[in-house]
*Asks:* 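Following this message is one structure expressed as structure tokens.
Naming convention: chains lettered A, B, ... in sequence-line order (proteins, then strands); numbering from 1 in each chain.
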2 protein chains.
Amino acid sequence: MATQERWLTDDEQRAWRALIGIVVLLPGALDRQLERDSGLSQIEYGVLAMLSEAPDQTLRMSQLAALNDSSLSRLSHVANRMEQRGLIVRRTCPEDRRANIASLTEAGLAQVVAAAPAHVTKVRELIFDKLTPTQLENLTEVAAVIRAGLDPDKGPPPPQVE
Amino acid sequence: MATQERWLTDDEQRAWRALIGIVVLLPGALDRQLERDSGLSQIEYGVLAMLSEAPDQTLRMSQLAALNDSSLSRLSHVANRMEQRGLIVRRTCPEDRRANIASLTEAGLAQVVAAAPAHVTKVRELIFDKLTPTQLENLTEVAAVIRAGLDPDKGPPPPQVE
DNA sequence: CGGAATAACTTGATGCTTCAAGTAATTGCT
DNA sequence: AGCAATTACTTGAAGCATCAAGTTATTCCG
């Protein structure tokens, strides 16, 4: 900062810079690999992957959004494009006619199956191959803690009353 | 995945999900805070912050891009907007007339100074307040390792020849 | 039962990012 | 010196994300 008070300790500074670096660079790295190898964006891959694991390869839009940490609006646009391309189909849910369920098509399934290996390899290459078992443990713990505090969308968490 | 082979171990899965969650959610959380409190995006804040720390509050576009993990193109667009708004000024570098140097204006400086406290508070709130000293240490280490492997833009790092 | 409130999306506009291409200045080679 | 290659950016177009507003369906409750 321009100002006096050192707002983060040196340790925190270093952690912060590295973390932001990851946050800024990782999506691009993954997107490029996916785009190049499979013509998919990261969220599209995520959608296909989640559907492929779901019972009947079908999920409600809202669930799909939650699973991908996406807003409903964003997912709706994405689903439009994917439907155009024939990767998924949507129909209104019979039990709740406000809701919309998306299902994998055969083409969609074929796409994920084809895309997965290279993607996983990239993930390994970028993350897990670099870590010792201890570091993996530490990552799992720390990432979970941070992630938990990021949920849509609590402001300052209510002070712990013990 | 839809397929047989469990491509990541359970531990890795959990780490991966949490990490992606962070990567997806953190930028939005920071952007919203900055936008709301100061009318800045994260990269705009980053530009102002880096300039404010630089000697003579001046940096070349390429340095500014590197410091913010941004492409030159992106930075160029951002700088255009910021120049319109009077937060920075640009002029060609005298030593190398291909290069362009950006400087903070007084208005720009005022902006960072005003924006910094709330932003730092948010960062603390989202990250550091949640971590024990040990976890901070672990984060620093792990994040640095991962970050290092993300640098523009090495493919598979050449196998370590000892 | 009937209207208000809420839920589950979709749509359109706006703005930012990225990508490809372009320009201008400098270096490097011979 | 002179031409090619490289560096440092800028620009314009295309695609995505986000935000606000709009639909349609369901629930709540008096």
*Asks:* If I take atom CG in residue A:L40 and atom C1' in nucleotide D:dC16, what distance separates them, rounded to the nearest angstrom?
*Replies:* 15 Å
*Asks:* Determine yes or no for a side-chain-to-main-chain donor-acceptor pair under 3.5 angstrom, with A:T58 supplying the side chain and A:S103 the backbone.
*Replies:* no
*Asks:* Looking across every strand, which nucleic acid part, if any, lies under 4.0 Å from A:R81 by heavy atom: base, sugar-phosphate, or nothing?
*Replies:* sugar-phosphate
*Asks:* Could you give the start and end, 5' to 3', of the contact zone on DNA chain C for chain B, using atoms under 4.0 Å from its heavy atoms?
*Replies:* C:dC16 to C:dT26
*Asks:* Could you pull out all residues at least two apart from B:D129 that satisfy side-chain hydrogen bond (donor to acceptor under 3.5 Å, both in side chains)?
*Replies:* none
*Asks:* Can you tell me how far P of D:dC16 sits from CG of A:L75, to the nearest Å?
*Replies:* 14 Å
*Asks:* Does B:L87 reach the side chain of B:L48, with side-chain heavy atoms less than 4.5 Å apart?
*Replies:* yes
*Asks:* With 3.5 Å as the limit, what N/O pairs link the protein to nucleotides 23-28 of chain D?
*Replies:*
{"unit_1": "D:dT26", "atom_1": "OP1", "unit_2": "A:R97", "atom_2": "N", "d": "3.0"}

*Asks:* Using the closest heavy atom to pick a nucleotide of DNA chain C for each, name whichever of B:S71 or A:A99 lands nearer the 5' end.
*Replies:* A:A99
*Asks:* Excluding sequence neighbours, so at least two apart, what forms side-chain hydrogen bond (donor to acceptor under 3.5 Å, both in side chains) with B:D31?
*Replies:* none
*Asks:* Write down the distance between CD (B:Q63) and P (D:dA8), rounded to a whole number of angstrom.
*Replies:* 10 Å
*Asks:* With axes from five pairs an end, tell me the bend angle of the helix from C:dC1-D:dG30 to C:dT30-D:dA1, nearest 10°.
*Replies:* 30°
*Asks:* Pairs of donor and acceptor atoms involving the side chains of residues 59-76 of chain B, under 3.5 Å and at least two apart or interchain, shall be tabulated with distances.
*Replies:*
{"unit_1": "B:N68", "atom_1": "ND2", "unit_2": "B:L64", "atom_2": "O", "d": "2.9"}
{"unit_1": "B:D69", "atom_1": "OD1", "unit_2": "B:R147", "atom_2": "NH1", "d": "3.2"}
{"unit_1": "B:S71", "atom_1": "OG", "unit_2": "B:R74", "atom_2": "N", "d": "3.0"}

*Asks:* Is the closest side-chain heavy-atom distance between A:L30 and A:V123 below 4.5 Å?
*Replies:* yes
*Asks:* Starting from the 5' end of DNA chain D, give me the residue, B:I101 or A:V78, whose nearest nucleotide shows up first.
*Replies:* B:I101
*Asks:* Evaluate side-chain contact (heavy atoms from CB on, under 4.5 Å) for B:V142 paired with A:L136, printing each intermediate quantity in order.
*Replies:* CA-CA 8 Å; B:V142 169; A:L136 172 58; over 6 Å; no
*Asks:* D:dA17 C1' sits how many Å from B:L25 CG, rounded?
*Replies:* 14 Å
*Asks:* In this structure, how many angstroms lie between the P atom of D:dG15 and the CG atom of A:N80, rounded?
*Replies:* 15 Å
*Asks:* According to salt bridge (charged side-chain N to carboxylate O under 4.0 Å, His left out), who are the partners of A:R90, at least two apart in sequence or on a separate chain?
*Replies:* A:E83
*Asks:* Please, which pairs that meet ring-ring contact (aromatic ring centres under 6.0 Å, His included) have at least one residue in residues 88-107 of chain B, sequence neighbours excluded?
*Replies:* none
*Asks:* What residues form a salt bridge (charged side-chain N to carboxylate O under 4.0 Å, His left out) with A:E12, not counting sequence neighbours?
*Replies:* B:R124
*Asks:* Can you measure B:L72 atom CG to D:dC9 atom C1' for me and round it to whole angstrom units?
*Replies:* 5 Å
*Asks:* Can you tell me how far CD1 of B:I146 sits from CG of A:L26, rounded to the nearest 0.5 angstrom?
*Replies:* 8.0 Å
*Asks:* Not counting sequence neighbours, list each pair that qualifies as a ring-ring contact (aromatic ring centres under 6.0 Å, His included) and has a residue in residues 111-149 of chain A.
*Replies:* A:Y45-A:H119
*Asks:* Atom pairs, N/O to N/O, protein against nucleotides 19-21 of chain D, distance under 3.5 Å?
*Replies:*
{"unit_1": "D:dC19", "atom_1": "N4", "unit_2": "A:S73", "atom_2": "OG", "d": "2.7"}

*Asks:* Donor-acceptor pairs under 3.5 angstrom involving side-chain atoms of residues 34-41 of chain A: please list them, not counting sequence neighbours.
*Replies:*
{"unit_1": "A:D37", "atom_1": "OD2", "unit_2": "A:Q33", "atom_2": "NE2", "d": "2.9"}
{"unit_1": "A:S41", "atom_1": "OG", "unit_2": "A:E44", "atom_2": "N", "d": "3.3"}
{"unit_1": "A:S41", "atom_1": "OG", "unit_2": "A:E44", "atom_2": "OE1", "d": "3.4"}

*Asks:* Answer yes or no: is there a donor N or O on one side and an acceptor on the other, between the side chain of A:Q135 and the main chain of A:T132, under 3.5 Å?
*Replies:* yes
*Asks:* Between P on D:dG15 and CD on A:Q84, what's the gap in Å once rounded to a whole number?
*Replies:* 13 Å
